[in-house]
Amino acid sequence: MNNLTPSSPFTLAVCAEMIFCDLPVLERVKRISELGFQVEIWDWTKHDIDALANSGATFSSMTGYVTGTLADAHGADELIRTAAESVEVAKRLGIPRLNLHGTGLDGNGLPVQPCQQMTGAMWLKARETLNRLADLGEQHGVTFVLENLNTEVDHPGVPFARLEDVLALVESIDRPSLRIMLDVYHAQIGEGNLIELIRRCGPYIGEVQVADVPGRCEPGTGEINYPAIAQVLNDIGYRGTVGLEGWASGDDGLALDRFRAAFSFHR
């Protein structure tokens, strides 16, 4: 008789913007926390920060800016300004990681400043801006994480979206206060070759986000071999946070059970 019970070597988190959507946000946060998960939020300006701070939840990450872009002078200054505001909110909530994108996104996930071709000057400006953000992170003891996105389905026109691009930027800067938010869902749509990509990104991963393809629902509902993803993360020694940033295909509680099972091992 096998008495071994499954456990996860990772810290598991759930995005409160996408699960238990029939509940008010504060109730979603409390419910996710009661089930033993940390909580991710997006745009902090849309939430009651005092209520979240008193919710008893542990938060994993949030969007680390309100407006701004990486790769032009005015946009970069705006990004730094709103990132500094976001840091103060993150400190109130005890949030260690602040998420970034190549440009600001609107309510539909579309870029406020679309880009079809990145120039050398844009790369240099993006690197300079990320170094400024790393300075801010070091000053306040938080980590900024640059997320890869897909431009084929969800975020057309976002610059520096591919995981290859994100890795190139973060690796070139190589500072602990700047890491990758490695989104497996986006990487599968945009690039594939997930296991090798994860291995290459290993030293620079700040957090991992997951959902299945197609549909952006919990692991086990699509084409991604999530047991293999969990195994390679374990094999490279990753012991950080894995967050479900996806919808429930049906019952929310069952979706969270499936997510937990996908990233647990029998020991």
Which value, rounded to the nearest 0.5 Å, describes the distance between S61 atom OG and Q209 atom CD?
-> 6.0 Å

Taking atom CD of E152 and atom CD1 of I189, what is their separation to the nearest 0.5 Å?
-> 7.5 Å

ring-ring contact (aromatic ring centres under 6.0 Å, His included) pairs, two or more places apart, involving residues 197-223 = none

Within the side chain of D183, is there an N or O that forms a donor-acceptor pair under 3.5 Å with the backbone of N148?
-> no

With respect to T241, which candidate in R97, E207, E40 satisfies the side chain to side chain donor-acceptor pair (under 3.5 Å) definition?
-> R97

What residues form a side-chain hydrogen bond (donor to acceptor under 3.5 Å, both in side chains) with T63, not counting sequence neighbours?
-> none

Donor-acceptor under 3.5 Å (S55 side chain, L52 main chain) = yes

Are side-chain heavy atoms of L70 and L146 found at a separation under 4.5 Å?
-> yes

Joint cluster assignment, V210 & F20, ILVMFWY side-chain distance < 4.5 Å = yes

Does F160 have any ring-ring contact (aromatic ring centres under 6.0 Å, His included) partners at least two apart in sequence or in another chain, and if so, which?
-> W123

Do you know the tightest heavy-atom contact between E218 and L244?
-> CA-CD1, 4.1 Å

Ignoring hydrogens and angles, tell me if any N or O in the side chain of T82 forms a donor-acceptor pair with the backbone of T67 under 3.5 Å.
-> yes

Should Y185 and I195 be regarded as members of a common hydrophobic cluster, given that ILVMFWY residues are connected when their side-chain heavy atoms come within less than 4.5 Å of each other, either directly or indirectly?
-> yes

Which pairs count as salt bridge (charged side-chain N to carboxylate O under 4.0 Å, His left out) when at least one residue sits in residues 117-126, sequence neighbours excluded?
-> K125-E128

Among all residues two or more places apart in sequence or in another chain, which pass the salt bridge (charged side-chain N to carboxylate O under 4.0 Å, His left out) test with K46?
-> none

Main-chain N/O of I224 paired to D212 side chain as donor or acceptor, under 3.5 Å = yes

How far apart are the C-alpha atoms of L98 and M62, what are their side-chain angles, what is the distance that settles it, and do they pass the side chain to side chain contact (heavy atoms under 4.5 Å, CB included) test?
-> CA-CA 5 Å; L98 290 88; M62 72 176 203; 4.1 Å; yes

Gap separating the OG atom of S60 from the CD atom of E245, nearest 0.5 angstrom = 9.5 Å

Would you check if V184 and Y226 make a side-chain contact, meaning some heavy-atom pair closer than 4.5 Å?
-> yes

R199 and I236, any side-chain heavy atoms less than 4.5 Å apart = yes

Inter- and intrachain pairs under salt bridge (charged side-chain N to carboxylate O under 4.0 Å, His left out), touching residues 53-75, at least two apart = none

Do H47 and E17 touch side chain to side chain, with heavy atoms closer than 4.5 Å?
-> yes

Should L169 and R127 be marked as a side chain to side chain contact (heavy atoms under 4.5 Å, CB included) after you check the CA-CA gap, both sets of side-chain angles, and the distance that decides it?
-> CA-CA 6 Å; L169 285 167; R127 189 176 184 280; 4.3 Å; yes

Donor-acceptor pair, D154 side chain versus N150 backbone, under 3.5 Å?
-> no

Less than 4.5 Å apart, any side-chain heavy atom of D135 and any of R175?
-> yes

What pairs with E78 under salt bridge (charged side-chain N to carboxylate O under 4.0 Å, His left out), at least two apart in sequence or on another chain?
-> R81

Nearest heavy-atom neighbours spanning L93 and A53 | CD2-N, 3.5 Å

Taken in chain and number order and not counting sequence neighbours, the residues that satisfy salt bridge (charged side-chain N to carboxylate O under 4.0 Å, His left out) with R260 are none

Are I32 and C15 side-chain neighbours, meaning at least one heavy-atom pair lies under 4.5 Å?
-> no

In chain order, what residues pass the salt bridge (charged side-chain N to carboxylate O under 4.0 Å, His left out) check against E34, with sequence neighbours excluded?
-> R31

Rounded to the nearest 0.5 angstrom, the CD1-CG distance for I198 and L182 is 6.0 Å

Enter the distance from S8:OG to N234:CG here, rounded to the nearest 0.5 Å.
-> 8.5 Å

Any chain of hydrophobic side-chain contacts (each under 4.5 Å) joining W42 to F37?
-> no

Ionic contact status for R258 with D251, cut-off 4.0 Å | no

Should V166 and E147 count as side-chain neighbours, where that means a heavy-atom distance under 4.5 Å?
-> no

Any donor and acceptor pair, going by atom type alone, linking the side chain of R216 with main-chain N or O of A211 inside 3.5 Å?
-> no

CZ-CG distance between F259 and L35, expressed to the nearest 0.5 angstrom | 12.0 Å

Correct closest heavy-atom pair for A83 and L133 would be CB-CD2, 3.6 Å

Of the non-hydrogen atoms in G64 and F144, which two are nearest, and what is the gap between them?
-> O-CE2, 3.8 Å

Is a side-chain donor or acceptor of D43 paired with a backbone partner of V66 at a separation under 3.5 angstrom?
-> no

Report yes if the side chains of L163 and H186 come closer than 4.5 Å at any heavy-atom pair, otherwise no.
-> no

Can you sort out the partners of Y65 under ring-ring contact (aromatic ring centres under 6.0 Å, His included), two or more places apart, ordered by chain and number?
-> H101

For residues 103-112, which side-chain N or O atoms pair as donor and acceptor with protein atoms under 3.5 Å away, sequence neighbours left out?
from: D106; atom 1: OD1; to: N108; atom 2: N; distance (Å): 2.8
from: D106; atom 1: OD1; to: G109; atom 2: N; distance (Å): 3.1
from: D106; atom 1: OD1; to: L110; atom 2: N; distance (Å): 2.9

Which residues satisfy the side-chain hydrogen bond (donor to acceptor under 3.5 Å, both in side chains) test with Q116, sequence neighbours excluded?
-> none

Establish whether L26 and I95 are linked, either directly or via other cluster members, by ILVMFWY side-chain heavy-atom contacts under 4.5 Å.
-> yes

For C115 and M122, the nearest pair of non-hydrogen atoms, with its separation, is SG-CE, 3.5 Å

Looking only at heavy atoms, what is the nearest atom pair of P219 and A262, with distance?
-> CB-CB, 3.9 Å

In terms of hydrophobic clustering (I, L, V, M, F, W, Y; side-chain heavy atoms under 4.5 Å; direct or indirect links), are L194 and M181 co-clustered?
-> no

